Protein chains: 2
Amino acid sequence: MANETQGLNERAQLLLKALIERYIADGQPVGSRALSKLSGLELSPASIRNVMADLEDMGFIASPHTSAGRVPTARGYRFFVDTLLTVKPLDRIEINQLEGQLQVENTQKLVTSASHVLSELTRFAGVVVTPRRSAGFRHIEFLKLSEKRLLLILVTADGDVQNRIIQTEKSYSPSELTEAANILNRNYAGCSFEDIRRRVQAELKQLREDMTQLMTAALAAGDQAVSESAEDVVISGEVNLLGVDDLSSNMNKLRELFNLFEHRTTLLQLLDHSSRAQGVQIFIGGEAGLQPLDECSVITAPYEVDGKVVGTVGVIGPTRMAYERVIPIVDITAKLLSSALAQR
Amino acid sequence: MANETQGLNERAQLLLKALIERYIADGQPVGSRALSKLSGLELSPASIRNVMADLEDMGFIASPHTSAGRVPTARGYRFFVDTLLTVKPLDRIEINQLEGQLQVENTQKLVTSASHVLSELTRFAGVVVTPRRSAGFRHIEFLKLSEKRLLLILVTADGDVQNRIIQTEKSYSPSELTEAANILNRNYAGCSFEDIRRRVQAELKQLREDMTQLMTAALAAGDQAVSESAEDVVISGEVNLLGVDDLSSNMNKLRELFNLFEHRTTLLQLLDHSSRAQGVQIFIGGEAGLQPLDECSVITAPYEVDGKVVGTVGVIGPTRMAYERVIPIVDITAKLLSSALAQR
DNA sequence: CATTGGCGCTCTCGCCGGAGGAGTGCTGAC
DNA sequence: GTCAGCACTCCTCCGGCGAGAGCGCCAATG
């Protein structure tokens, strides 16, 4: 049994591989006759039929009806990507092209362009979960809008700018505001908000009462700004999926799918899940646990800053996709995104 | 000829109105028999057929094939909305609901929620062109990121925060940065960037050379920030259009339509156009000059701040839509958006 | 005993023709 | 001007039919 894996002998594996590759290529159910020609094996259609019957029993392939060829099941795809697939890495030129398309001006643009690149290259939908902010803060500023409304400007450690309007109980003078900002900037720059909270708690007694209020308000707003904007998912190229006939043939599925795209949170959960693993992850059909995706596959890869995973990139397409091409694209995009973020 | 408009006598108008209303209601071509029942007129189908033939000659209606009923043409819809339609304004309750859905925290949220509300209420796609910024500036701040990279934070007169990274030729000390910011803040707060540019040109000689560089860089960045983020269009509820069978029945049209949605600029032109008129505007079918929209209607209304038009809201749906309902929704949304912005 | 050619069976798909239905245009009567 | 009647056209919906594809099974073979 040296040449068997999961009960599949070498011949069966070869045929399964050939079948899936063919099916991915042209979307038609594959018959024994066709398979006998393209498998490379010197086998008659009849023999192939035997093997196919076995493969069907084991749940790797299925036939849409009595006398069509066979198509891969989700389980078949699973086995395919796990043990049969040989991904060919992108060559240098393609990587350079890809890199060239990323807009590095700021984090927002970086993320959007990454998502865009993914969808352009794969012609499916590209998704990127925006980077978790490193909770550190670099600079803070209070600006008086009207008597009791302040604009809080917050520059996080990674150079992104957040702003929030806060209502105060009393009216602060400009100098008070400057003072408060100075205290925070001088003493706590670089710390995370939790750190600050803890330290401020201890040291705050030395400050005037109203100052305290201002500080805590600022901290709360900062916390909120950080956590609220913490994770979002950017999708692009949903349109591409309209052109995928596997999906566009049944309108209801398509609608469910697009509804899913509007429900960011659900999608976020799925993608977050994948950021716990490392390297490329693949969800095929219902594996993701989301019913609208049962004719889709999701390919994801986490990206990181300073060795810490901060987000996920991915592609959503039909289960019938060119995995050997999409996988390296997602992989490389994650890596390029990581290194682009590292330079900021 | 007192009771004629554009060559249509009263009876023809009544019938056209009944026909269109019926067609909008159930999407089926309307025949003479049905029309004779629901028109309210005491006319036999035969007489009605005569009128319908006239209406067809004049291009208001057409028949999909020999023996179907008639459907309105774009020209028919045009006449309908221009002279036959009686819009029923929303009642107080609906307006309040609508108002409740707007999120007033900041401009961004306001715009997004407005678009969202439009799509929810009409079940079509909602669009909003983001407000043109009043070019004034309120506050500026330089923050050193690394040796020659500065983060420029810019608070515009309307309380929005912009930020830009600028590369400098020399390395500035924190105090120099503060000084530069102070000069701008003290002397020019409230002015538009053009004003500043003009005045700075004159007064700049008194400043040190390197300061000048910093200032002009800041001005350029500010200008760019203002102009770049000046106009964008937010679309929501595109998914709804998948559920509209008038559109979803032919996939190609649908794809073109969604492609249009990704090409913001084209859409922007159309919407901008409408902001020059005042009040609700309606583009039916190809009237907008965009071929992907030839089975769609676009209902728009400009919104304003301080009596100046700053953007446009709108709804994109099939030509066969309940105009008498959509029109007031768009109208009110524009007004609510105006007043929400006024309070900021 | 794995392989293979042959055979019958099943299922889909496209095509054709007829029935049914809807709605029109026309004509002649009032 | 209105209207009933009538012939005509066109669409849609089957049902049947043949072609094609592909399978399962079986018996023969080396």
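Note that the structure is predicted; figures quoted are calculated from it, not measured. Every chain is numbered from 1 and lettered A, B, ... according to where its sequence line falls, protein lines coming before strand lines. For the numbers below, each heavy atom of this structure counts, side chains included, while hydrogens, waters and symmetry mates do not.
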Checklist entry - Can you list the residues that meet the side-chain hydrogen bond (donor to acceptor under 3.5 Å, both in side chains) rule with Y323(A), with sequence neighbours excluded? => result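 Testing Y323(A) for side-chain hydrogen bond (donor to acceptor under 3.5 Å, both in side chains), a comparison that skips the adjacent residues, returns S297(A).
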Checklist entry - What does nucleotides 21-30 of chain C look like as a protein-contact string, B for base, S for sugar-phosphate only, - for none, at under 4.0 angstrom between heavy atoms? => result -BBBBB----
Of all pairs that satisfy salt bridge (Lys or Arg N to Asp or Glu O under 4.0 Å), the ones with a partner from [range], not counting sequence neighbours:
range	value
residues 36-58 of chain B	E56(B)-R70(B)
residues 76-91 of chain B	R78(B)-D82(B), R78(B)-E287(B)
residues 239-251 of chain B	D246(B)-R320(B)

Spell out, as yes or no, whether a donor-acceptor pair under 3.5 Å connects the side chain of [X] to the backbone of [Y].
X	Y	answer
S115(B)	G126(B)	yes
S119(A)	A125(A)	no
E295(B)	G285(B)	no
R75(A)	M58(A)	yes

Item to check | Range on DNA chain D touched by chain B - first to last nucleotide, heavy-atom distance under 4.0 Å | outcome: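 In short, chain B contacts DNA chain D from dT2(D) to dC11(D).
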Item to check | N/O (side chain, S47(A)) to phosphate O (OP1/OP2, dT3(C)) under 4.0 Å | outcome: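 So the side chain of S47(A) is outside the cut-off, no N or O lying under 4.0 Å from OP1 or OP2 of dT3(C).
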Item to check | Whole-Å gap separating C1' (dT4(C)) and CZ (R11(A)) | outcome: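 Computing the R11(A):CZ to dT4(C):C1' distance gives 12 Å.
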Next on the checklist: Over all strands shown, is E42(A) touching base, sugar-phosphate only, or nothing at heavy-atom distances under 4.0 angstrom?
Outcome noted: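 Sugar-phosphate: the residue E42(A), judged by heavy atoms under 4.0 Å, touches backbone atoms but no base.
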